[in-house]
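Step one of this worksheet: look at the structure below.
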Amino acid sequence: MNDYLRHMDITSFQRDLLHWYEENKRDLPWRKTQDPYRVWVSEVMLQQTKVDTVIPYYHRFLESFPTLKELAEAREEEVMKAWEGLGYYSRARHLHQAVKEVVENYGGEVPHEKKAFSSLKGVGPYTAGAVLSIAFEQPEPAIDGNVMRVFSRLLLITEDITKAKTRKIFEEVIPPFLEEVLPSEMNQALMELGAIVCFPTSPHCLLCPVERYCMAREEGVQEELPVKAKKRAPKVKKMAAVILKNEEGKTLFHQRPDDGLLATLWEYPNTEIKEAGQTKETLTEFLSSEYEIEAIIGEKVQEVKHVFTHLIWEIEVYEGIVKRQKTCQNERLSWLTLREATQYAFPVSHQKILKEQKRKEESADGLRTSK
DNA sequence: AATTCGTGGTC
DNA sequence: TGACCAAGAAT
């Protein structure tokens with residue numbers, strides 16, 4: 001018997017939590033179905049992402065790709081465009097790859113064996129547990145940040161939850177809570193409690209349906225849990241980007257590498273600025289050596305800040321005119337009209353540049369046509 | 001095991 | 001206002 005559960009009346013806990021869940025659960029789009037494809041899509045979008053952010057993406061994504069087969073048959077470009085702005089873009093590519101595997105190897109039916117489903121791209125221990133329990137009623141724990149917070153308080157688990165090892169404790173402790181109930185309900189009830197009552201700071205213990213079971217509350221240390229190591233401050237990178245136009249009035253865009261940060265997304269040509277005050281020179285040299293394009297860099301027209309988890313870009317945006325371009329073709333470069341560019345997925349920082357360029361060109365158009 | 005991967009909202 | 005955080009996975 002697990003020592004953490006010594007004083008826990010699991011049956012009563014289940015009754016109280018599930019009763020509360022039925023009365024208080026939010027009406028979320030992905031709770032209207034147990035279709036494994038839709039559950040899967042929602043779970044991938046919800047990784048490290050707030051419910052309010054996901055909802056519009058969830059609707060648009062399923063409008064574009066209503067079934068697993070239709071997603072599998074879609075072009076990756078389309079999938080990335082549907083994910084544009086949601087972040088962690090490898091989620092989209094992995095999901096796309098994974099549903100193709102499902103069509104290829106499982107006849108288009110989402111596999112309900114843990115081993116098979118877990119082997120799919122982008123499906124980790126949380127997503128496997130969530131989809132298998134919610135769509136297939138399998139008694140698998142779905143251990144996310146909410147659930148670790150709830151259980152760390154409930155059972156006074158003081159291990160650092162940012163450490164991979166700590167996860168094992170939760171995997172040991174949670175399965176008994178999934179016995180003799182609907183796993184879909186229990187897992188979602190635990191997450192819902194974390195989401196709308198058992199907040200990271202100032203948990204609403206007075207509204208908590210399972211307060212009487214909570215050991216952290218008993219000790220008055222609910223605010224101190226869970227224990228998490230602090231992460232270091234992100235580094236700042238000074239960047240410069242250029243809105244480079246050719247004689248046809250088209251703009252140069254670049255597709256980022258297939259792996260790494262913002263993989264495969266499109267952007268304005270840009271480079272890191274290592275010496276302050278050398279921005280124009282650095283851009284000119286970058287275009288010449290990297291793309292074999294001779295250009296004249298004009299004025300700075302915009303500043304954009306892009307904050308990542310582990311990195312900050314401070315981007316200075318310049319205008320530029322191309323003088324000469326060698327015939328050498330770079331697969332990842334494209335001269336596009338602004339309308340053409342909107343078919344491609346951009347990271348938020350470059351969406352801001354695109355939006356500003358559009359605004360300026362439209363106001364210039366307006367001036368011209370009104371004369 | 002420790003890093004790398006986005007973005008937007010909150011206090 | 002800046003640190004913190006969110007239904008994590010891959011490497």
Side-chain angles (χ1 to χ4, degrees), chain A residues 25-26 28-31 38-58 80 83-95 97-98 117-135 140-150 160-168 170 184 186-196 198-202 223 226 228-236 256-265 267 304-313 345-352:
Chain A
K25 66 180 173 187
R26 291 167 295 176
L28 302 175
W30 43 88
R31 287 188 176 155
R38 296 188 167 230
V39 172
W40 186 4
V41 168
S42 76
E43 290 303 340
V44 173
M45 287 186 170
L46 285 163
Q47 290 167 13
Q48 299 292 285
T49 310
K50 296 268 204 275
V51 164
D52 288 344
T53 303
V54 166
I55 289 175
Y57 281 91
Y58 177 80
M80 296 311 290
W83 208 270
E84 182 183 52
L86 195 52
Y88 287 141
Y89 297 95
S90 67
R91 294 183 294 175
R93 276 190 308 280
H94 286 151
L95 177 62
Q97 267 185 268
F117 186 65
S118 300
S119 75
L120 297 169
K121 297 288 185 297
V123 178
Y126 165 75
T127 305
V131 173
L132 293 175
S133 65
I134 296 172
E140 295 290 337
I143 305 169
D144 70 339
N146 285 318
V147 170
M148 285 194 279
R149 184 170 61 256
V150 166
D160 180 353
I161 65 165
T162 66
K163 295 199 178 305
K165 229 177 100 182
T166 306
R167 184 184 180 80
K168 290 186 170 51
F170 295 96
S184 64
M186 195 62 198
N187 277 337
Q188 293 190 81
L190 289 166
M191 290 191 276
E192 192 75 347
L193 185 69
I196 67 179
C198 196
F199 298 125
T201 60
S202 345
E223 302 261 14
K228 297 180 75 170
K230 293 184 180 174
K231 38 193 159 186
R232 63 188 195 297
K235 290 181 179 176
V236 178
R256 295 179 59 82
D258 288 334
D259 42 38
L261 185 67
L262 302 169
T264 78
L265 297 203
E267 63 185 3
V304 179
K305 188 170 184 171
H306 192 151
V307 180
F308 301 89
T309 307
H310 58 296
L311 182 67
I312 297 174
W313 283 348
F346 287 78
V348 284
S349 50
H350 288 254
Q351 285 179 54
K352 286 176 190 168

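Just so it is clear, the structure is predicted and the values come from calculations on it, not from any experiment. Below, each value reflects all heavy atoms present in this structure, side chains not excepted, and no hydrogens, waters or symmetry copies. The chains referred to below are lettered A, B, ... by the order of the sequence lines, with proteins before strands, and numbering in each begins at 1.
Partners of A:Glu140 by salt bridge (Lys or Arg N to Asp or Glu O under 4.0 Å), not counting sequence neighbours, listed by chain and number: A:Lys114. By the salt bridge (Lys or Arg N to Asp or Glu O under 4.0 Å) test, A:Glu267 pairs with A:Arg256, sequence neighbours left out. Listed by chain and residue number, A:Glu171 satisfy the side chain to side chain donor-acceptor pair (under 3.5 Å) test with A:Arg167 (two or more places apart in sequence, or in another chain). Residues satisfying the salt bridge (Lys or Arg N to Asp or Glu O under 4.0 Å) test with A:Asp52, not counting sequence neighbours, are none.
Straight-line distance from the NE2 atom of A:His94 to the C1' atom of B:dT4: 13 Å, rounded to whole Å. Rounded to whole Å, the distance from CD1 on A:Ile55 to P on C:dA6 is 18 Å. In this structure, CG of A:Asp144 is placed 15 Å from P of C:dC5, rounded to the nearest angstrom. Here the C1' atom of nucleotide C:dG8 and the CZ atom of A:Phe170 are 15 Å apart, to the nearest Å. Rounded to a whole Å, the CZ atom of A:Arg232 is 13 Å from the P atom of C:dC4. If you take NZ of A:Lys230 and P of C:dG2, they are 17 Å apart, rounded to a whole angstrom. What separates CD1 of A:Ile312 from P of C:dC4 is a distance of 13 Å, to the nearest Å.
Counting only N and O atoms by type, the side chains of A:Tyr126 and A:Gln47 include no donor and acceptor under 3.5 Å apart. Side-chain contact of A:Arg91 with A:Thr127: a donor-acceptor pair under 3.5 Å is absent, judged by distance alone. For the residue pair A:Thr264 and A:Asp258, no side-chain donor N or O sits within less than 3.5 Å of a side-chain acceptor on the partner.
Residue A:Arg167 places none of its side-chain N or O atoms closer than 4.0 Å to OP1 or OP2 of B:dA1.
Contact annotation for A:Trp313: no contact, since no heavy-atom pair falls under 4.0 Å across all strands. Counting non-hydrogen atoms under 4.0 angstrom, A:Arg93 reaches nothing in the nucleic acid. Within 4.0 Å (heavy atoms only), A:Arg26 reaches at least one base atom of the nucleic acid. Within 4.0 Å of A:Ala164, counting heavy atoms only, lie sugar-phosphate atoms of the nucleic acid but no base atom. Contacts of A:Lys231 with the nucleic acid, taken as non-hydrogen atoms under 4.0 Å apart, are absent.
Here the CG-CZ distance, from A:Leu193 to A:Arg149, works out to 9.0 Å after rounding to the nearest 0.5 Å. Atom-to-atom distance recorded for A:Trp313:CH2 and A:Phe308:CZ is 4.0 Å, nearest 0.5 angstrom.
Between the P atoms of B:dG8 and C:dA9, the separation comes to 22 Å (whole Å).
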Give the B/S/- string for nucleotides 5-11 of chain B, one per nucleotide from 5' to 3', where a protein heavy atom under 4.0 Å of the base yields B, of only the sugar-phosphate yields S, and otherwise -.
BBBB---
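Positionally, the nearest nucleotide of DNA chain C for A:Ser42 lies more toward the 5' end than for the other of A:Lys121 and A:Ser42.
Every stem involving DNA chain B, taken as at least 3 paired positions in a row under the Watson-Crick or G-U wobble test at 3.5 Å, is listed here: B:2-5 with C:8-11, B:7-11 with C:2-6.
Checking side-chain atoms of A:Glu43 against main-chain N and O of A:Val131 turns up no donor-acceptor pair under 3.5 Å.
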